[in-house]
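For reference, positions follow the sequence shown, starting with 1. When a ligand or atom number is given, it counts from 1 through the structure's own listing order.
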Amino acid sequence: MDRLKGKAGLITAAGSGMGRAGAEMFAAEGARVAVCDHDGPAVEAVVAAIRDAGGEALPLVADLRDPVAARRVANQAAEAFGRLDFAWNHLGHPGPGAAEGIDPDLLELAIDLNLRSVIATTEAAIPHLRAAGNGAFLFTASTGGLVGSRHSPVYSAMKHGVVGFARALALKLAGDGIRSNVVCPGPIETPMMVRFANRPDLPQRAEDEVRATAAAGTPMRRVGRPEEVAAAALFLISDEASYITGAALPVDGGFTAG
Ligand SMILES: NC(=O)c1ccc[n+]([C@@H]2O[C@H](COP(=O)([O-])OP(=O)(O)OC[C@H]3O[C@@H](n4cnc5c(N)ncnc54)[C@H](O)[C@@H]3O)[C@@H](O)[C@H]2O)c1
């Protein structure tokens, strides 16, 4: 119940899927959570669910493609809570599936959401985490940030970038008592799983087929649940992981084990 008691933090892309599961789980463990997403009604729904359960949450509606907004949300959360102990940069985008004939607009959007926004929010959060002491960054990469995927060269590049960024921060900020880790999900049952498989430049498949193919490609023969990633995130954010930094933890049913 109290694994995050006294802590305050921010989760991006918290209006749905793993981010939402994390926001509700972190709040249930005593954290005050800034729920950040560009989908206003989704933010309101998550905040209402947290408050109904007796938790504390702050709604932050922002399009994080804008680096000014991406920086602002970290400052808003710190100001509202009077401190910032953790920031889970969960936002990401599938980007293009192709390696040739890449749509330049889609590439820009993916770079903005997977890298620029993540870097901007982190940059703004660093002084707040430093001031709080004992801070923790968490990033969401993917199995595509650990191994290559022939279906996702651009996504693999960006998610390897997220892992590299998190590890470099672990080194840079260890002296400030700030940890920096990554969760690397396999296929997880969220809207993004289907969007990822059905990127506009790839052949479109029915939702059931996407799920079945993803499950068949996973040693545990199923896709993951958002709560299974949120549980790993909770551990890495909490003081239970006090000697863990620079780690990239697969939550993938064994996908990267082989
Ligand atoms: N679902 C998977 O199978 C899977 C696997 C590996 C990694 N990931 C990673 O997980 C993250 C996505 O999480 P999810 O699967 O929980 O997704 P999701 O589809 O459930 O939620 C994504 C959220 O991001 C928000 N969002 C989109 N664009 C935004 C913007 N410009 N500004 C602010 N918010 C924005 C959406 O409104 C939505 O609430 C990404 O980093 C993705 O790369 C997902």
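Atoms of ligand 1 lying under 4.0 Å from at least one heavy atom of Ala62, given by number and element, are 32 (N), 33 (C). Close approach to Asp39 involves these atoms of ligand 1, each under 4.0 Å from a residue heavy atom: 37 (O). Atoms of ligand 1 lying under 4.0 Å from at least one heavy atom of Gly17, given by number and element, are 16 (O), 20 (O).
Considering only non-hydrogen atoms, atom 4 (C) of ligand 1 lies nearest to Met18 out of Met158, Arg195, Met193, Met18. For the residues Asn89, Asp63, Leu60, Asn114, the heavy atom positioned nearest atom 31 (N) of ligand 1 is part of Asp63. Nearest to atom 10 (O) of ligand 1 by heavy-atom distance, out of His90, His93, Arg65, is His90.
Look at Gly186 and you'll find a heavy atom under 4.0 Å from some atom of ligand 1. Distances from ligand 1 to the non-hydrogen atoms of Arg20 include no value under 4.0 Å. The shortest heavy-atom distance from Tyr155 to ligand 1 is under 4.0 Å.
Only side-chain heavy atoms of Lys159 come within less than 4.0 Å of ligand 1; its backbone N, CA, C and O stay farther off. With a heavy-atom cut-off of 4.0 Å, Ala141 touches ligand 1 through its backbone alone. Contacts between Glu189 and ligand 1, counted as non-hydrogen atom pairs separated by less than 4.0 Å, are absent for every part of the residue. Using a 4.0 Å cut-off between heavy atoms, Pro187 contacts ligand 1 through its backbone alone, with no side-chain atom that close. In Ala42, neither the side chain nor the backbone holds a heavy atom less than 4.0 Å from any atom of ligand 1. At a heavy-atom cutoff of 4.0 Å, ligand 1 is contacted by the side chain of Leu113 but not by its backbone.
A donor and an acceptor atom, one from each side chain of Arg205 and Thr213, are located under 3.5 Å apart. Donor-acceptor pairing under 3.5 Å is recorded for the side chains of His128 and Asn75. One side chain, His90 or Thr140, offers a donor N or O that lies under 3.5 Å from an acceptor on the other.
When only non-hydrogen protein atoms are considered, atom 15 (O) of ligand 1 lies nearest to Thr190 OG1, 2.7 Å. Of all protein heavy atoms, the one lying nearest to atom 24 (O) of ligand 1 is Ala13 CB, 3.4 Å. At the shortest separation from atom 17 (O) of ligand 1 among protein heavy atoms lies Met192 CB, 3.4 Å. At the shortest separation from atom 3 (O) of ligand 1 among protein heavy atoms lies Ile188 N, 2.9 Å. In this structure, the protein non-hydrogen atom closest to atom 27 (C) of ligand 1 is His38 NE2, 3.4 Å. Ranking the protein heavy atoms by distance from atom 9 (C) of ligand 1 puts Thr140 CG2, 3.7 Å first. If you check which protein heavy atom lies closest to atom 23 (C) of ligand 1, you get Asp37 OD2, 3.6 Å. Nearest protein neighbour of atom 32 (N) of ligand 1, counting heavy atoms only, is Leu64 N, 2.9 Å.
The shortest side-chain heavy-atom distance between Ile178 and Phe137 falls under the 4.5 Å cut-off. The shortest distance between side-chain heavy atoms of Asn114 and Val118 does not fall below 4.5 Å. Inter-residue side-chain proximity for Arg71 and Gln76 is flagged as unmet; no heavy-atom pair is nearer than 4.5 Å. Here the side chains of Phe26 and Trp88 are in contact, with some heavy-atom distance below 4.5 Å. Side-chain contact between Leu169 and Thr122: present, with at least one pair of heavy atoms (C-beta onward) separated by less than 4.5 Å. The side-chain heavy atoms of Leu10 and Thr121, taken from C-beta on, include a pair separated by under 4.5 Å.
For the pair Pro185 and ligand 1, the shortest N or O to N or O distance does not fall below 3.5 Å. Remark: ligand 1 and Ser16 share an N or O pair separated by less than 3.5 Å (distance only, no angle test).
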Which atom pairs, donor and acceptor, lie under 3.5 Å between side-chain atoms of residues 51-64 and protein residues at least two apart or in another chain?
unit_1 : atom_1 : unit_2 : atom_2 : d
Arg51  : NH2    : Ala57  : O      : 2.8
Asp63  : OD1    : Arg65  : N      : 2.9

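Using a cutoff of 4.0 Å between basic side-chain nitrogens and carboxylate oxygens, Lys7 and Glu29 are not scored as salt-bridged. For the pair Glu228 and Arg222, the salt-bridge criterion is met [side-chain N within less than 4.0 Å of a carboxylate O].
The cluster map of Ile, Leu, Val, Met, Phe, Trp and Tyr, joined by side-chain heavy atoms under 4.5 Å apart, puts Ile50 and Leu4 in the same cluster.
The main-chain N or O of Lys5 is never found under 3.5 Å from a side-chain atom of Asp2 such that the two would form a donor-acceptor pair.
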